[in-house]
Peer 1: 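I am attaching a structure below and will ask some questions about it afterwards.
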Amino acid sequence: MNRVLPIALSILIALPAAAVVASPADAQVRVGAGAQRRTPPRPRPRLSEAEQDRLYAAQDEVAELDEKIATLREASEAGALTETQRQEWEAHNARRQEAQATVDQLEAKKRRG
């Protein structure tokens, strides 16, 4: 009887702990409940309306300047280019480079978004 009582007592003490065995689903929930949550990355912003308008305007300006430059190039090849036309050609090239830089910048941003 001296041995039965400690055995019975140890079984009664261990029984509640053994009865609370978690199922695999409970175990997953409990592990996930304390896990650090990672916020999903925010989508990159697309071009705003103002940026789209700037892109379209710059593209139009590049096309117009290409036509003017082509006309002045034809006059240059014919040998009939005056000093005023040469200065105009240089001005068109400078404006075209600025407009093309704007187009390149906005299109790069558009591809990233």
Peer 1: Any side-chain donor-acceptor pair under 3.5 Å between Q97 and N93?
Peer 2: no
Peer 1: Is there a donor-acceptor pair closer than 3.5 Å between any side-chain N or O of R111 and the backbone N or O of E107?
Peer 2: yes
Peer 1: Which pair of heavy atoms, one from I69 and one from W89, lies closest together, and at what distance?
Peer 2: CG2-NE1, 3.5 Å
Peer 1: Identify the heavy atoms of A99 and E61 that sit nearest to each other, and give their distance.
Peer 2: CB-OE1, 3.9 Å
Peer 1: For L65, which fellow cluster members are found when Ile, Leu, Val, Met, Phe, Trp and Tyr are connected by side-chain heavy-atom distances below 4.5 angstrom, either directly or through intermediates?
Peer 2: none
Peer 1: Measure the CG-CD distance between L72 and Q87 for me, rounded to the nearest 0.5 Å.
Peer 2: 12.0 Å
Peer 1: For the residue pair L47 and K109, what are the closest heavy atoms and their distance?
Peer 2: CD2-CD, 3.8 Å
Peer 1: Heavy-atom distance under 4.5 Å between the side chains of Q59 and L55, does that happen here?
Peer 2: yes
Peer 1: Looking at every non-hydrogen atom in both residues, tell me the closest pair between V62 and R96 and how far apart they are.
Peer 2: CG1-NH2, 3.9 Å
Peer 1: List the steps and the verdict of salt bridge (charged side-chain N to carboxylate O under 4.0 Å, His left out) for R73 and E77.
Peer 2: CA-CA 6 Å; R73 184 176 292 135; E77 289 173 355; 5.3 Å; no
Peer 1: Could you check whether E83 pairs with R86 (Lys NZ or Arg NE/NH1/NH2 to Asp/Glu carboxylate O, under 4.0 Å)?
Peer 2: yes
Peer 1: Mark yes when over 12 heavy atoms from residues, nucleotides or ligands other than E49 sit less than 6.0 Å from its CD; otherwise mark no.
Peer 2: no
Peer 1: Search all heavy atoms of E51 against all heavy atoms of L106 and return the closest pair with its distance.
Peer 2: O-CD1, 3.5 Å
